[in-house]
Amino acid sequence: MEYLKIFTQLIAAELHLPEPGVENTLKLLDEGCTIPFISRYRKERTGGLDEVQIAAISDRAEQLQEIAKRKTTVVNTITEQGKMTAELQKRIDDCWEMTTLEDIYLPYKPKRRTRAQIAREQGLEPLATMLMMQREPHPERAARSQLSILNSQLSVEDALRGAQDIIAEQVSEDERSRNTVRSAFRREAFIVSKAVKSKKDNDEAQKYSDYFDWEEPLKRCSSHRLLAMRRGESEGILRVSITIDDDEAVNRLQRSYVRGHGACQRLVAEAVEDGYKRLLLPSIETEFSNLSKQRADDEAIRVFAENLRQLLLSAPLGQKRVMGIDPGFRTGCKVVCLDGQGNLLHHEAIFPHPPVNHRMQASIHLQQMIADYKIEAIAIGNGTASRETKEFVEEAFSSQKPKVFVVSEDGASVYSASKAARDEFPDEDVTVRGAVSIGRRLMDPLAELVKIDPKSIGVGQYQHDVDQTKLKHSLDQTVESCVNLVGVNLNTASQHLLTYVSGLGPALAQNIVDYRTTHGAFTSRAQLKKVPRLGPAAYQQCAGFLRIPDAKNPLDNSAVHPESYAVVEQMAKDCQCTVAELISQKETREQIDIRRYVTGDIGLPTLTDIMKELEKPGRDPREQIEEFEFDASVQTIDDLHEGMVLPGIVTNITNFGAFVDIGVHQDGLVHVSQLANRYVSDPTQVIRLHQHVRVRVIGVDVRRQRISLSMKNV
């Protein structure tokens, strides 16, 4: 890496991390190693940096690379103009902040034909320089003299105006001026939102009514408010601006440029004010508008990514025979029966609800399917008719019944219409595919949800308003992290799931599936080397995250990397037992002194991880799934009253609170101030997605369909 030393120093200082760990992480990333691989299998080289720290290093290194590319463009442009000096070159070389770099470049940046440029072409730059010196008591006489030298037909007034245009541009491009105005924006900028009068009374505009006449300090404006205002602006309902005290800003600038009193000073003061209002203010306002939007995006993306992580790591039921039900009233409930691997065995529609109301017939069919396909659990989508369907299913069994779970169906319709679903079920319609997705989500949420665009899963806020490239990068990183944290069954994983395994991608994932189809199940990790195009580098990155439950070598079903098999085998040999016995015998493992096995390549961090893995090889880090029941006395929003304490499920988390499903077809909001008996700055630190909670109703607005909830003292 060309700038390794500089990047290491900058990143280590910014992130407060040790330089050796940062340097080695940058080298590993440059070698093509993935973040999950580095964090798990290269702890000795990184000093034990975790995934979050490594991802931050990777992201900052990418930003610095972009600055390095921009610097090349800047240097080339200034050099071609013949204006490069040793001092300027050094300033550019030492600069690693994009805003500062652009300020340095601004006076040399090719631009359209401005008023100042026209004035320079008219030969008025000497006059502008003379005015800026502020020594000439009679600027009109000096202008007349200059026009005479130029043999110009311009009037004195036009000449002075042209000179002022040059001064205005110089002021607007001067770094000191820009930093003066920036400081004012940083300290005292307000964001102001006003309704567009012609749109104010539209029904569609009412959702932005809070921002029809809104003003607050920019530095206090939360992510969700800023994104809401910007969305209203993009829809033509709001006008949003960022303002400061213009008079005070002009006075500050004039104090920097105007010296004394007189005719020249008056002209310079006018030029400074013009430069501020016409050039500098719009530029810095745009800069802060973009900066505030970027910060809001980053916060929204952070919350979205954390929600997605929690959703992907939801508790799995495991390989059970599952019935998936996509509930509905008029169109009936689509029912599918799946085997332990999620394969479709049977599907049909039942109509237990109005208007058809074939409740008895539906009950008989349901019981018959459960008996025929040995169903062990039932997954019901949480959409329309969900609660009614759950009650029907529970009534259909007078004695023992399979466990019933309500599953989020967000994104199921997106999956059912996707190419992946069509390829898997070419002969089934979208309703069958959607019900299959609901059933599989109960068995293994991670394996099923990776098939769906994260933006369609329903756990984000303003996900269509934020920077889409950043959002995709963050969500892909999150999915990759979750997949590799859990590990993947090499013999049952879909191509979609394999795609996110460290070191693989769509092509290699498909090659693995094709190899499995042709040659049968993998019996060892070493067989991966026979997969077309899966070379040594990819094997090193992916092998530790792939599991083979029935492999001959028990380490193939663990997170122990093949590169460490030899040390485990040596441990077993020293203990005079097999590797399988080492795994099963706790007493034998406790006798091992891992310090004896430290080598130049394997240190105590890796050996400690190996011993933890031998204790519970292939352990799923996800929690156990829990059943849940809504309060039977509450069916609709009309049944609610203040003071009620109800069970609920967290369906979405934002930076202003959490949404909770309490079984009335309308989620309630627990505002961040109502999440705990203490101040909460980040809701994701005190609550998680799909958590079962108890909430108290503190407000019901039936007209606006809004429910306010609290988790304080519940």
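The analysis underlying the following values was restricted to heavy atoms, covering all of them including side chains, and did not include hydrogens, waters or symmetry mates.
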Check against side chain to side chain contact (heavy atoms under 4.5 Å, CB included), Leu226 and Leu218 = CA-CA 9 Å; Leu226 191 138; Leu218 180 63; 4.3 Å; yes
Test Phe329 against Glu388 for side chain to side chain contact (heavy atoms under 4.5 Å, CB included), laying out the working first.
-> CA-CA 9 Å; Phe329 287 114; Glu388 292 80 357; 3.9 Å; yes
Stepwise salt bridge (charged side-chain N to carboxylate O under 4.0 Å, His left out) check, Asp444 with Arg440 = CA-CA 6 Å; Asp444 190 341; Arg440 287 176 174 176; over 6 Å; no
List the steps, then state whether side chain to side chain contact (heavy atoms under 4.5 Å, CB included) holds for Val483 with Val479.
-> CA-CA 6 Å; Val483 169; Val479 176; 4.1 Å; yes
Steps toward ring-ring contact (aromatic ring centres under 6.0 Å, His included) verdict (His358, Phe351) | CA-CA 5 Å; His358 289 167; Phe351 297 84; 7.1 Å; no
Under the side-chain hydrogen bond (donor to acceptor under 3.5 Å, both in side chains) criterion, do Ser502 and Asn484 qualify, and how do the steps go?
-> CA-CA 7 Å; Ser502 168; Asn484 290 288; 5.0 Å; no
Report the C-alpha distance between Lys194 and Phe212 in whole Å, list the side-chain angles of each, state the deciding distance to 0.1 Å, and finish with yes or no for side chain to side chain contact (heavy atoms under 4.5 Å, CB included).
-> CA-CA 5 Å; Lys194 302 284 185 186; Phe212 282 177; over 6 Å; no
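Under a 4.0 Å N-O distance rule, the pair Arg302/Glu299 qualifies as a salt bridge. The pair Glu409-Lys334 does not meet the salt-bridge criterion, since no charged nitrogen lies less than 4.0 angstrom from a carboxylate oxygen. Ionic pairing of Asp467 and Lys293 is not present here: no N-O contact between side-chain nitrogen and carboxylate oxygen is shorter than 4.0 angstrom. Using a 4.0 Å cut-off between charged side-chain N and carboxylate O, Glu613 and Arg40 make no salt bridge. Checked for salt-bridge contact, Asp620 and Arg547 miss the test: no charged N lies under 4.0 Å from a carboxylate O.
Using a 4.5 Å heavy-atom cutoff, the side chains of Gln477 and Ser474 are not in contact. Contact of the Met369 side chain with the Val335 side chain is registered, since non-hydrogen atoms from C-beta on lie closer than 4.5 Å. Contact of the Leu446 side chain with the Arg622 side chain is registered, since non-hydrogen atoms from C-beta on lie closer than 4.5 Å. Arg225 is not listed as a side-chain neighbour of Asp210, based on a closest heavy-atom distance of 4.5 Å or more. A heavy-atom distance below 4.5 Å is found between the side chains of Cys333 and Pro352. The shortest distance between side-chain heavy atoms of Leu669 and Leu709 does not fall below 4.5 Å. You'll find the side chain of Arg678 reaches within 4.5 Å of the side chain of Val686, heavy atoms only. Within the 4.5 Å cutoff, the side chain of Phe545 has no heavy atoms near those of the Val486 side chain.
Distance alone, capped at 3.5 Å, is enough to place a donor-acceptor pair between the Arg516 side chain and the Ala493 backbone. For Arg433 (side chain) and Glu428 (main-chain N/O), a donor-acceptor pair under 3.5 Å exists by modelled atom type. Judged by distance alone, the side chain of Thr651 and the main-chain N or O of Phe659 form a donor-acceptor pair under 3.5 Å. Judged by distance alone, with hydrogens and angles left aside, the side-chain atoms of Arg359 form no donor-acceptor pair with the main-chain N or O of His353 at under 3.5 Å. Judged by distance alone, the side chain of Gln310 and the main-chain N or O of Asn307 form no donor-acceptor pair under 3.5 Å. Using modelled atom types, no side-chain atom of Gln674 and backbone atom of His671 make a donor-acceptor pair closer than 3.5 Å. In terms of modelled atom types and a separation under 3.5 Å, the side chain of Thr499 and the main chain of Gln495 share a donor-acceptor contact. Although no hydrogens or angles enter the test, the distance criterion places no donor-acceptor pair under 3.5 Å between the side chain of Asp298 and the main chain of Ile301. A donor-acceptor distance shorter than 3.5 angstrom exists from the side chain of Gln206 to the backbone of Asn202, with no hydrogens or angles considered. The backbone N or O of Gly699 lies less than 3.5 Å from no partner atom in the side chain of Glu642, so there is not a single donor-acceptor pair.
Sparse packing is recorded around NZ of Lys200, with 12 or fewer heavy atoms of other residues, nucleotides or ligands lying under 6.0 Å away. Residue Glu235 qualifies as enclosed at atom CD: its count of foreign heavy atoms under 6.0 Å is above 12. Heavy atoms from other residues, nucleotides or ligands lying under 6.0 Å from CD of Gln624 number 12 at most. Atom NZ of Lys616 is surrounded by 12 or fewer heavy atoms from other residues, nucleotides or ligands within 6.0 Å. Applying the 6.0 Å contact sphere to CG of Asp550 captures no more than 12 heavy atoms from other residues, nucleotides or ligands.
With values rounded to the nearest 0.5 angstrom, Glu51 atom CD is found 8.5 Å from Thr34 atom OG1. Atom CE of Met644 and atom CG of Asp639 lie 7.0 Å apart (nearest 0.5 Å). Once rounded to the nearest 0.5 Å, the distance linking CE of Met443 with CD1 of Ile625 reads 11.5 Å. Rounding to the nearest 0.5 Å places CD1 of Ile325 at 9.5 Å from CD1 of Ile438. With rounding to the nearest 0.5 angstrom, the CD1 atom of Ile191 is 10.5 Å from the CH2 atom of Trp214. How far NZ of Lys712 is from OG of Ser673: 6.0 Å, rounded to the nearest 0.5 Å.
The side-chain hydrogen bond (donor to acceptor under 3.5 Å, both in side chains) search around Ser363 returns Gln367, not counting sequence neighbours. Under the rule for a side chain to side chain contact (heavy atoms under 4.5 Å, CB included), the partners of His692 that lie at least two apart in sequence or sit in another chain are Glu626, Phe628, Ile649.
Between the side chains of Glu233 and Tyr211, no donor-acceptor pair of N or O atoms lies under 3.5 Å.
Across every non-hydrogen atom of Arg706 and Ile637, the tightest pair is N-CD1, 4.4 Å.
Taking the six-membered ring for Trp and thresholds of 30 and 60 degrees, Tyr373 and His346 have nearly parallel ring planes, at less than 30 degrees apart.
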